[in-house]
Number of protein chains: 2
Amino acid sequence: MDEHPSLAVSTVIFALRDSELWTPLVRRIRQPYQDRWALPGGWVAPQEGLETTAARKLLETTQLDPTYLEQLYCFGDIGRSPSGRVVSVVYWALVRPDQAERSSDDDNVRWFRADALPGLAFDHNRIVEYALWRLRNKMAHSSIAHGFLGETFTLAELRGVHEAVRGATLDPANFRRQVLAGGSIVPTGEHVVGASHRPPALYRYTDATLVDQGPLLASALTDRED
Amino acid sequence: MDEHPSLAVSTVIFALRDSELWTPLVRRIRQPYQDRWALPGGWVAPQEGLETTAARKLLETTQLDPTYLEQLYCFGDIGRSPSGRVVSVVYWALVRPDQAERSSDDDNVRWFRADALPGLAFDHNRIVEYALWRLRNKMAHSSIAHGFLGETFTLAELRGVHEAVRGATLDPANFRRQVLAGGSIVPTGEHVVGASHRPPALYRYTDATLVDQGPLLASALTDRED
DNA sequence: TCGCTTCGAGTCACCCTGACCTGAACCCGG
DNA sequence: CCGGGTTCAGGTCAGGGTGACTCGAAGCGA
């Protein structure tokens, strides 16, 4: 058996804040790219699954426990790292606003707007761009928006997620009609109390299935794709 | 730096024969799973890109040079291989019927119907199943059908590809209307000669872009998947 | 020439979509 | 207490795409 490339795992994290997409990055404390911002990640342990590694590294470095975690792509071009051949299995994750609060925004972890990142280490700028494209793609015909929301939510909140990701405003009435016709959402019967104006109804997702898909469940779902 | 898992590359190949999907498999000549059928592949060389490795191994073991090659998924569960931790970057490919002819169907390489495979080595059954799901998915809103066809083709041939992959018949008239409205196809002006019945017109794809995508081009395309 | 088969084009009802409108419910200020 | 402002909820309406279907055109073979 030949000598094998180094195998790493990284994760692109998205969270919604002020109707915009934000992503946390960690400061590199070693060469190469010392002091540059990079995706959280690390080496794959011999007796640990890839997704498990991604989740563990995420928790260790950013204190985040995402509600959605899926493999994005495996990057293995030669020359990705100046220190030798590295193959990175990259995951992407969604976290809710309340979960994002836990992540300390200190000197080693900082949140950036996903569409205005600084120059990152390695090929991480390209990776985040691809993750953004995949997020927008999947949002179009799937129900990943769930990953950004809590257990219950109003239609305005759900619409806000779609608007933030798509970068465009949506007609509230038409959005309501479509999402209700889809059937993946159901009203809880309760309403928001205390806020101004007419109190909106609360909704809940029917298919609680989120977090980790992979090829196991993929064929069983009626999702599309991408 | 810790000890790293072994890194392999495998490829699921699809070809159209007699209106059905077929896939070539290779016989394993070593342990583990000796003499069992498996996906073609091999170890990643230190100075070779992942996709390049997939294409090279494909050519070496099956004499196939696919018109379409894309990364499918990275499988890295512990326990995939009884001989130790192996992480496999799996690609999937499409070949045209004339290309598939070159692949020798001998004792070490054999073609199987994609929906009726024997018990394969490792977790390769699951991998092929996922590749099939992805193919059907991508066929729905993309123009990958090109990978199965030659430079020019009739609408009946194109429809045959969709019918074979989707496993259902399509209305010829409606299929024509939709695919022509899509604009990804254009008539060459020529017609088939010599065959029975009314001679059908020949068409050609407008966007010649096929073979290898990856995150580089993905964000530039208006594709969805995936 | 007639019959058969496939190709190419057209029709029609239906559903989904986007744009728009109206009333309901609530808070707040006067 | 009352009316303005704002958001929620539901409905209308025209336009475009889809599926099911029909019909003539074009070629081959008996």
Side-chain angles (χ1 to χ4, degrees), chain A residues 18-19 136-137 139-143 145 149-150 152-206 222-224, chain B residues 18-19 136-137 139-143 145 149-150 152-206 222-224:
Chain A
D18 303 329
S19 299
R136 297 205 170 95
N137 237 26
M139 181 82 68
H141 23 229
S142 180
S143 53
L149 300 169
T152 64
F153 48 89
T154 69
L155 286 181
E157 288 172 342
L158 179 60
R159 181 168 48 87
V161 173
H162 280 83
E163 287 179 340
V165 172
R166 294 183 42 174
T169 62
L170 298 170
D171 183 82
N174 294 334
F175 181 79
R176 160 192 308 276
R177 194 208 316 153
Q178 286 174 228
V179 74
L180 288 182
S184 60
I185 254 178
V186 69
T188 64
E190 300 181 352
H191 289 256
V192 174
V193 292
S196 274
H197 314 305
R198 175 169 179 177
L202 284 172
Y203 292 83
R204 183 179 46 219
Y205 271 93
T206 54
T222 49
D223 189 359
R224 315 192 222 174
Chain B
D18 305 327
S19 298
R136 296 203 171 98
N137 237 26
M139 181 82 68
H141 23 228
S142 181
S143 54
L149 298 168
T152 63
F153 48 88
T154 68
L155 286 180
E157 287 171 342
L158 179 61
R159 180 169 48 88
V161 172
H162 280 83
E163 288 178 341
V165 172
R166 294 183 41 174
T169 60
L170 298 170
D171 183 81
N174 294 333
F175 181 79
R176 159 193 310 277
R177 195 209 316 153
Q178 288 176 225
V179 73
L180 289 182
S184 60
I185 256 178
V186 69
T188 64
E190 299 181 352
H191 290 254
V192 173
V193 292
S196 273
H197 315 305
R198 178 171 176 174
L202 284 172
Y203 292 82
R204 183 179 47 220
Y205 271 95
T206 54
T222 50
D223 189 359
R224 315 196 223 175

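Chain letters run A, B, ... following the sequence lines, proteins first and then strands; every chain starts at 1.
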### Task
Would you list the pairs meeting side-chain hydrogen bond (donor to acceptor under 3.5 Å, both in side chains) in which at least one residue belongs to residues 179-198 of chain A, sequence neighbours left out?
none
#### Entry: Per-nucleotide protein contact string for nucleotides 24-30 of chain D, where B marks a base within reach and S marks sugar-phosphate only (heavy atoms under 4.0 Å, - for neither)
BBBBS--
### Task
List in chain and number order the residues that pass side chain to side chain contact (heavy atoms under 4.5 Å, CB included) with B:Arg166, two or more places apart in sequence or in another chain; answer none if no residue qualifies.
B:Leu170
To the nearest Å, how far apart are [X] [atom1] and [N] [atom2]?
{"X": "B:Leu202", "N": "C:dC7", "atom1": "CG", "atom2": "P", "result": "12 Å"}
{"X": "A:Arg159", "N": "D:dA9", "atom1": "CZ", "atom2": "C1'", "result": "12 Å"}
{"X": "A:Leu155", "N": "D:dA9", "atom1": "CG", "atom2": "C1'", "result": "9 Å"}

### All ring-ring contact (aromatic ring centres under 6.0 Å, His included) counterparts of B:Tyr203, not counting sequence neighbours
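Residues passing ring-ring contact (aromatic ring centres under 6.0 Å, His included) with B:Tyr203: none at all.
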According to side chain to side chain donor-acceptor pair (under 3.5 Å), who are the partners of [X], at least two apart in sequence or on a separate chain?
{"X": "B:Asp171", "result": "B:Asn174"}
{"X": "A:Glu163", "result": "A:Arg159"}
{"X": "A:Arg176", "result": "none"}
{"X": "B:Arg204", "result": "none"}

### Query
Using a heavy-atom distance cut-off of less than 4.0 Å, which residues of residues 162-176 of chain A contact DNA chain C?
A:Asp171, A:Ala173, A:Asn174
### Task
For DNA chain C, find the residues of residues 180-192 of chain B with a heavy-atom distance under 4.0 Å and give them by number; none if there aren't any.
none
### Query
Should the ring pair A:Tyr205 and A:Phe153 be called parallel, tilted or perpendicular, given that the plane angle runs from 0 to 90° and is split at 30 and 60?
tilted
### Task
Report the residue (B:Arg177 or B:Thr154) whose heavy-atom-nearest nucleotide on DNA chain C is the more 5′ of the two.
B:Thr154
#### Entry: Atom pair OG1/CD1 of A:Thr206 and A:Ile185 - distance to nearest 0.5 Å
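Between atom OG1 of A:Thr206 and atom CD1 of A:Ile185 there are 8.0 Å.
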### Query
How would you list all residue pairs meeting ring-ring contact (aromatic ring centres under 6.0 Å, His included) that involve residues 164-189 of chain A, not counting sequence neighbours?
A:His162-A:Phe175
